[in-house]
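Worksheet: the structure to be examined is printed underneath.
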2 protein chains.
Amino acid sequence: MARNPISPSKARRPLASADETRLALIRAALKLFGAQGFDATSTREIAARANANVASITYHFGGKEGLRAAAAEQIVLTLRTNEGALLAESLDPRTLSADEAEGHLVSVFDAMASFLLATPEAEDIALFILRELAQPTAALDIIYEGMFRPTHERMCQLWAAATGEGPDSEATKVTLLTLIGQVVYFKFGRAAVLRRMGWSSIDEDKAGLISGTVRANVRAIVASRRKPVPTA
Amino acid sequence: MARNPISPSKARRPLASADETRLALIRAALKLFGAQGFDATSTREIAARANANVASITYHFGGKEGLRAAAAEQIVLTLRTNEGALLAESLDPRTLSADEAEGHLVSVFDAMASFLLATPEAEDIALFILRELAQPTAALDIIYEGMFRPTHERMCQLWAAATGEGPDSEATKVTLLTLIGQVVYFKFGRAAVLRRMGWSSIDEDKAGLISGTVRANVRAIVASRRKPVPTA
DNA sequence: GTCTATAAACAGATAGAC
DNA sequence: GTCTATCTGTTTATAGAC
């Protein structure tokens, strides 16, 4: 039953549904937590940006802290739909030849670079994660399990297929971390990178230069570690 | 003239000098700004940790913001005395052979890794910088000019001497940024790295594994980019 | 479910005694 | 230079009308 079946003049703007309010709050929180930090962002500010009121945060999320967890879940969801295609495909790396695996590995880094450096949504997400890395909360656990670990695992499998090293060895895992570091530094260290390069932003051309460099680096490192195929 | 020439019982603990108070405040601020963020840290908390009182912050630094700048200056000072030896040496990279330059470049990364990953002081510093990267202030300018730019410039010169590429080209600068990213990721992404590796901390052994991997990567990438020496 | 009003705690800055 | 007390503004959370 509608609360206000006949109100010809009172409700000039249709009231947002509960779900719309919820999502608007999450979006606003994601942006503001990333841009200013959790503590520096007031619930009033979030509510204002979401066209809602402060009390709605307590109502929907139990409080500011619950809103942070919801934002982390939203990040995982976005990442799954954008980048997931490459990673979640059922393709078994063990059936690939070394060259095919190397090609796939390079593609994964390409996808990562282009999402991270050239997608508008990545802006808020990267900053949110950066702040969680500085001071981990339950939100980081959500992002770690939903994104970080699956991606890194997949990369290790491709690396193993490309080089012949074990997918779970410390050496493999550390190596993939160094490779990931190459890319994410441009996002996390953006402020310093831009100054040093004399760039005002990272546009598509610049992203291409970066991902080309990363691609070449990955290929050089794989080549240096590739093991001779057993001739048995 | 002493304020209290004869007070046998009143002053049980000798009063800290102005400089001692100043330094204690800077140290406390550096740690707390890094651990909790600037906005989440109250001046009362800083004063308590420094065994001083709130009003002393305004007196010595003009306010909370001035304390942040002083912390950034302290970081540059620490970095200069610790790592500076490697970078500031008057050695001209252009007089080096390609092999010597490559060796020096590898050493610079080794020094960076061991400072970053195995030095206790690096803890507070890295977190402080991480937060400045998320939300740059005047403090980042101080650190950029005092540390980031000189280090990166020096690396580019060594790279140029090792490969024959130009020290100021975009390709060189981007490449060195990817190489730096390999290392710093273990510090900035520490929370995720530890989970993924199943480590509880990065001790000396682990730092050795990481810097060994980075060393091998750098050599592989240099080798893949090395230009044939002109035979003229 | 949404919104206004308010409660209770805490922030940074400062005045003035010492 | 240090310290206590206080001013002014802002914070999250909540009670209760609608």
Side-chain angles (χ1 to χ4, degrees), chain A residues 1-26 28-29 32-33 35-71 137 139, chain B residues 1-29 32-33 35-71 137-139:
Chain A
M1 200 192 297
R3 180 168 38 140
N4 221 343
I6 32 161
S7 69
S9 66
K10 202 176 178 184
R12 55 187 63 188
R13 160 168 68 83
L15 279 179
S17 77
D19 277 359
E20 280 166 348
T21 302
R22 229 187 102 88
L23 191 60
L25 284 170
I26 290 176
L32 292 171
F33 289 165
Q36 310 175 335
F38 182 81
D39 298 288
T41 303
S42 71
T43 50
R44 284 173 165 75
E45 206 176 351
I46 298 167
R49 172 176 268 268
N51 279 116
N53 67 85
V54 253
S56 65
I57 292 172
T58 309
Y59 178 79
H60 283 286
F61 305 97
K64 197 182 177 185
E65 203 57 61
L67 189 47
R68 164 151 65 183
T137 71
Chain B
M1 202 190 295
R3 181 169 38 141
N4 219 342
I6 33 163
S7 68
S9 65
K10 201 175 177 184
R12 55 187 65 190
R13 160 167 69 82
L15 280 179
S17 77
D19 277 0
E20 280 165 349
T21 302
R22 229 187 102 88
L23 191 59
L25 285 170
I26 290 176
R27 275 195 224 282
L32 292 171
F33 288 164
Q36 311 176 334
F38 182 81
D39 296 289
T41 303
S42 70
T43 50
R44 288 172 166 77
E45 205 176 353
I46 297 167
R49 172 177 267 267
N51 280 115
N53 66 85
V54 253
S56 65
I57 291 172
T58 309
Y59 178 78
H60 283 287
F61 305 98
K64 198 183 178 185
E65 203 58 61
L67 188 48
R68 163 150 66 183
T137 70

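Chain identifiers are assigned alphabetically (A, B, ...) following the order of the sequence lines, protein sequences preceding nucleic acid strands; residue numbering begins at 1 within each chain.
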Please determine, for the side chain of B:H60, which listed nucleotide (C:dT4, D:dT2, C:dG1) has the closest atom? D:dT2

Report the distance from atom CD1 of B:I26 to atom CZ of B:F33, rounding to the nearest 0.5 Å. 11.0 Å

If you check the A:N53 side chain, which of D:dC3, D:dG1, C:dT2 turns out closest? C:dT2

Compare side-chain N and O positions of B:S56 against OP1 and OP2 of D:dG1 and report whether any pair is under 4.0 Å apart. no

Looking at CG of B:L67 and CD1 of B:I46, how far apart are the two atoms once the value is rounded to the nearest 0.5 Å? 5.0 Å

Checking contacts here: which listed nucleotide (D:dT4, D:dT11, D:dT2) is nearest the side-chain heavy atoms of A:S42? D:dT11

OP1 or OP2 of C:dA13 less than 4.0 angstrom from a side-chain nitrogen or oxygen of B:T43, does that happen here? no

Mind checking A:T58 for me? I need base, sugar-phosphate or nothing, with any heavy atom below 4.0 Å counting as a touch. base

CZ of A:F61 to CZ of A:R68, rounded to nearest 0.5 Å, is 14.0 Å

If the cut-off is 4.0 Å, is B:T21 near the phosphate of D:dT2, judged by side-chain N/O to OP1 or OP2? yes

Where does DNA chain D pair, written as one dot-bracket string 5' to 3', with Watson-Crick or G-U pairs under 3.5 Å, ( ) inside the strand, [ ] for crossing pairs and | for another strand? |||||||.||||||||||

Quick note, B:R44 side chain, CB onward, closest among D:dT2, D:dT14, C:dG12 is C:dG12

